[in-house]
Amino acid sequence: MLEAYSIREVVLCPGSRNAPLIQTFSQNPFFRCYTVVDERSAGFFALGLAQEIQQPVAVCCTSGTALLNLGPAVAEAYYQQIPLLVISADRPQSWIGQMDGQTLPQPGVFNSLVKQSIQLLEPDSEEDEWYCKRMIHDAIFQLMNRLPGPSHINIPLSEPLFDFSVTELPKNKPILRNPVDYSLNNSALLEEWNLSTKKMILIGQLPPFNGLEKSLESIAEKFDCVILAEHTANIRSSKVIYNFDAIIYQLLNEEIACFSPDLLITLGGHVVSKRIKKFLRSCKPASHWYVSEEPKIVDLFQSITAQLEMDPLSFVEEINKKCSSNTSKHTYQSRWLSQSKHVLPPTTTVYSDLWVMGKLLAALPCNAALQLGNSSVVRNAQLYPLDASVSVYCNRGTSGIEGSVSTAVGFASIHKGLTFLIVGDLSFFYDVNALWNRHIKSNLRILLINNGGGEIFHLLPGLNQAVSLDQYVSCRHSTRAEKWAQSMGFDYLSAYKEEEFINNLDSFFSVEASNPVLFEVITTMEVNAEVFKSYYHKLKTI
Ligand SMILES: Cc1ncc(C[n+]2csc(CCOP(=O)(O)OP(=O)(O)O)c2C)c(N)n1
């Protein structure tokens, strides 16, 4: 059935209960199989594959805790809208909770974090077989229904498990679907658009190549509308404002009312900036339209007035089609744009996390795929401009630090060009098992910013004064990645100061490298915090 739905990528985790499934997948030339032993890593590896191909990817594991280890990736897939299909093998229902080995209640184990969860039967009749197929159709269907997301198929398998005598599987056909027609036909909403004088579109995380740029540019030209997006939205245009977090930081109290929108429209997934959330919650727009294929009320700014059941692309196309441009002077837009020009990226010359980020992003080759770790990395990256050809990925669905490396490894394994991962040290060492993976290719480049702990906690006012900070919150350490990286076949580079960083860049960017490269950049937490503070201090004084 996976073949019928063209789900080709299957990540296999070892086990005996799922050995019949492993045997089937691996012996069918249609499937491209990957092996990852650690299920937590396997889940994120599969997520990385799905990010690249923008199609469903399956991950298959054995029974018991193996399945629970897929939990973090399932949660991330749910909130990042990634079609991850979990296939778990199980003992027959009658043996669950009977002190038989490697069992726990698997059906429905991911609760509300999957779009569909099904429990198969061991089919004894044609009707049972019809039932199983119908359930699988539904699980696969939900992967891409409206918003993409994960599904779970739990398969009870009785012994004997290892009779591999069936040589050919029955053929199946997919159930066809008619694409949804998302049009904007509520005249009250169109009128609201026309009457609003301060329109703002805020775009959260979206996959690259989402096709929105042209329509957004046309909206910015035709209407007095401000468009805000972070790098993770993968929309690059001179009409879009990226440094809105810093702009808001800089605003004087008396300016806030002129910058706040009266009509706010949100598209896409999660937004990183806490400041924009605070800003929009404190000066609530009169109207907030939340655009999403899933008709669900998501009221991030406590001001929702409309849920538009449509995808982001249809929305921007429909606005262009249905609303005619007014003759207004674009006052609101030019206010934001001129402020944006005044807020420059950090220009520090001090060797620090920020300096490294600025240098690396400026030097990234065209069309690079960029995976960002959570914590300071994704925030610092946002402070710098990025070439329009760079695609950006980050696990912002639930902002966990446990799968950034595995996701990048999975992504790079199927991506044609160079894949860069910029990651902090706690995130890296947490997921270091990701390096123990036979699918790593020479196109992977990891920039590990090792500042000796969780830097982000040193930047949070209040927490940065706590006595528990160093030992228990930021978990200071002096671990280095060198030996780990080398033992996994990586070329290893390191830098403790500016010249070393600059001198290593050519090797880091070289497409000729025959091994993957890990570049460990060692910075000092106190210096980083100072540079960070002085950037924000300067913003207030411009
Ligand atoms: C799975 C998980 N556990 C804990 C956290 C809380 N957390 C957020 S940021 C962070 C520290 C990350 O440190 P590092 O990767 O070194 O990045 P830095 O802050 O130094 O840039 C932690 C532990 C989390 N986001 N995810």
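As the structure lists them, so they are numbered: ligands from 1, and atoms in each ligand from 1. Position 1 is the first residue of the sequence, and the numbers go up from there. This one's a predicted model, so the numbers in the text were calculated from it and none came from an experiment.
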For Phe501 versus Tyr351, what's the shortest heavy-atom pair and its separation?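 Nearest pair, atom of Phe501 first, then Tyr351: CB-CE1, 4.4 Å.
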Checking side-chain polar atoms at under 3.5 Å, does [X] have a donor or acceptor matched by the opposite partner on [Y]?
X: Gln81; Y: Gln205; answer: no
X: Glu520; Y: Tyr492; answer: yes
X: Asp431; Y: Ser406; answer: yes
X: Thr523; Y: Asn528; answer: yes

- Task: Start with the C-alpha gap between Asp245 and Gln382, add the side-chain angles, then the distance that decides, and say whether side-chain hydrogen bond (donor to acceptor under 3.5 Å, both in side chains) holds.
- Result: CA-CA 9 Å; Asp245 185 277; Gln382 189 57 35; over 6 Å; no
**Asked** ligand 1: which residues have a non-hydrogen atom closer than 4.0 Å?
**Response**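 For ligand 1, the contacting residues are Ser375, Ser376, Ser399, Gly400, Ile401, Glu402, Gly424, Asp425, Leu426, Ser427, Tyr430, Asn451, Gly453, Gly454, Glu455, Ile456, Phe457.
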